Amino acid sequence: MKNSEPIDWLLYERAAYEEGFLCVCGVDEAGRGPLAGPVCAAAVILPKNTIIDGNNDSKKLTEKKREALFDIIKEKAISYGIAFATHEEIDEINILQATYLAMRRAVEQLNIPPDLAMIDGNRIPPDLPCEARCIIKGDALSSSIACASVLAKVTRDRYMLEMSKKYPEYNFAKHKGYGTKEHIEALRKYGMCPIHRRSFLKKIEGIPQ
């Protein structure tokens with residue numbers, strides 16, 4: 001297989017600035033799929049023409065690399081916001097709406113109001129305080145979205161590590177709340193803990209309610 005063309009990490013940012021936008025942020029989330037814990041979103045505004053060396057879609061990076069990039073991204077960003085939607089909110093309004101809520105909260109945290117938010121995925125959250133566009137697989141195509149991906153993933157993972165200390169029987173430190181065989185077995189043995197998403201567990205047999 002031939003090597004593919006290198007990714008132009010600034011393609012979408014550059015196009016937006018050439019259109020006349022003055023301040024562009026990238027937005028991504030982590031934790032839509034797990035059975036426990038919050039969903040986390042981040043928004044990042046980078047200086048124009050900035051690529052952070054070694055950054056990529058957080059799913060393609062090792063935990064050690066994400067942790068190293070976390071502080072570098074926060075240091076180099078003009079502004080960033082990181083926000084949760086809780087497991088209670090997920091159960092109350094569903095995971096899609098909770099993801100929108102976390103994204104909106106992250107954008108609203110920015111101390112410089114963006115006039116364009118580039119959202120990873122194929123749906124735009126309603127009620128954002130600025131214009132927004134979707135970029136499918138944006139975390140692997142856009143520098144600012146990739147940075148948001150890392151901030152969201154590391155923040156959520158750190159939260160689940162703390163929850164693993166509080167609820168050690170579930171071993172959240174290992175699977176971060178995702179539905180692994182080990183996690184399902186623990187649920188069947190111990191039932192749900194306070195941070196489990198009740199709405200996600202209704203169809204899994206053998207879990208004490």
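Since this is a predicted model, take the numbers as computed values, not measurements. Note: hydrogens, waters and symmetry copies are ignored here, and every other heavy atom, side chains too, is used.
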Output the distance between atom [atom1] ([X]) and atom [atom2] ([Y]), rounded to the nearest 0.5 Å.
X    : Y    : atom1 : atom2 : answer
D120 : C134 : CG    : SG    : 9.0 Å
I135 : Y12  : CD1   : OH    : 5.5 Å
L128 : E108 : CG    : CD    : 8.0 Å
S142 : L11  : OG    : CG    : 9.0 Å

[Y] reachable from [X] in the ILVMFWY side-chain graph, under 4.5 Å edges:
X    : Y    : answer
Y190 : F200 : yes
L10  : I7   : yes
I90  : L187 : yes
L46  : V24  : no
I112 : I119 : yes

Just checking, any donor-acceptor pair under 3.5 angstrom between side chains of E88 and T86?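 T86 and E88 do have a side-chain donor-acceptor pair below 3.5 Å.
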I'd like to check the side-chain hydrogen bond (donor to acceptor under 3.5 Å, both in side chains) partners of E67; sequence neighbours left out, ordered by chain and number.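 Testing E67 for side-chain hydrogen bond (donor to acceptor under 3.5 Å, both in side chains), a comparison that skips the adjacent residues, returns R158.
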The criterion is side-chain hydrogen bond (donor to acceptor under 3.5 Å, both in side chains); which residues satisfy it with T99, sequence neighbours excluded?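 Applying side-chain hydrogen bond (donor to acceptor under 3.5 Å, both in side chains) to T99 gives none.
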ring-ring contact (aromatic ring centres under 6.0 Å, His included) partners of [range], not counting sequence neighbours, each pair once:
range            : answer
residues 65-90   : F84-Y159
residues 169-189 : Y170-F172, Y170-H196, F172-H175, F172-H183, F172-H196, H175-H183, H183-H196
residues 108-147 : none

Using side-chain heavy atoms (C-beta onward) and a distance below 4.5 Å, is [X] in contact with [Y]?
X    : Y    : value
M118 : S144 : yes
Q97  : N94  : yes
C23  : I45  : yes
V150 : K65  : no
I195 : K166 : no
K189 : E185 : no
M160 : P34  : no

Could you pull out the closest heavy-atom pair between [X] and [Y], with the gap in Å?
X    : Y    : answer
A117 : V27  : CB-CG2, 4.2 Å
V39  : A98  : CG1-O, 3.9 Å
P126 : Y100 : CD-CD1, 3.3 Å
A173 : K176 : O-NZ, 2.7 Å
R197 : D91  : C-OD1, 3.5 Å
A85  : L101 : CB-CD2, 4.4 Å

Apply side chain to side chain donor-acceptor pair (under 3.5 Å) to S143 and E13, showing your working. CA-CA 8 Å; S143 182; E13 286 85 350; 5.1 Å; no
Show me the pairs that pass side chain to side chain donor-acceptor pair (under 3.5 Å) and involve residues 35-50, at least two apart or across chains.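 Those involving residues 35-50 do not exist here.
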Where the side chain of [X] meets the backbone of [Y], is there a donor-acceptor pair that is under 3.5 Å apart?
X    : Y    : answer
S79  : N111 : yes
D139 : S149 : no
D28  : A148 : no
Q109 : I82  : yes

[X] with [Y]: basic N within carboxylate O range, under 4.0 Å:
X   : Y    : result
R14 : D8   : yes
R66 : E63  : no
E89 : R105 : yes

Full working for side chain to side chain contact (heavy atoms under 4.5 Å, CB included) between I207 and K202: CA-CA 9 Å; I207 297 175; K202 291 178 179 178; over 6 Å; no
L35 vs I184, side chain to side chain contact (heavy atoms under 4.5 Å, CB included): CA-CA, chis, key distance, verdict: CA-CA 9 Å; L35 306 179; I184 299 297; 3.6 Å; yes
Can you tell me if K74 has over 12 outside heavy atoms packed within less than 6.0 Å of its NZ?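 It does: K74 NZ has more than 12 such atoms within range.
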Around atom CD of E75, are there more than 12 heavy atoms of other residues, nucleotides or ligands at under 6.0 Å?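 No.
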Should V44 and L151 be marked as a side chain to side chain contact (heavy atoms under 4.5 Å, CB included) after you check the CA-CA gap, both sets of side-chain angles, and the distance that decides it? CA-CA 9 Å; V44 176; L151 294 191; 3.6 Å; yes
Pair I52, I73 - check side chain to side chain contact (heavy atoms under 4.5 Å, CB included), show working. CA-CA 7 Å; I52 294 179; I73 292 167; 3.7 Å; yes
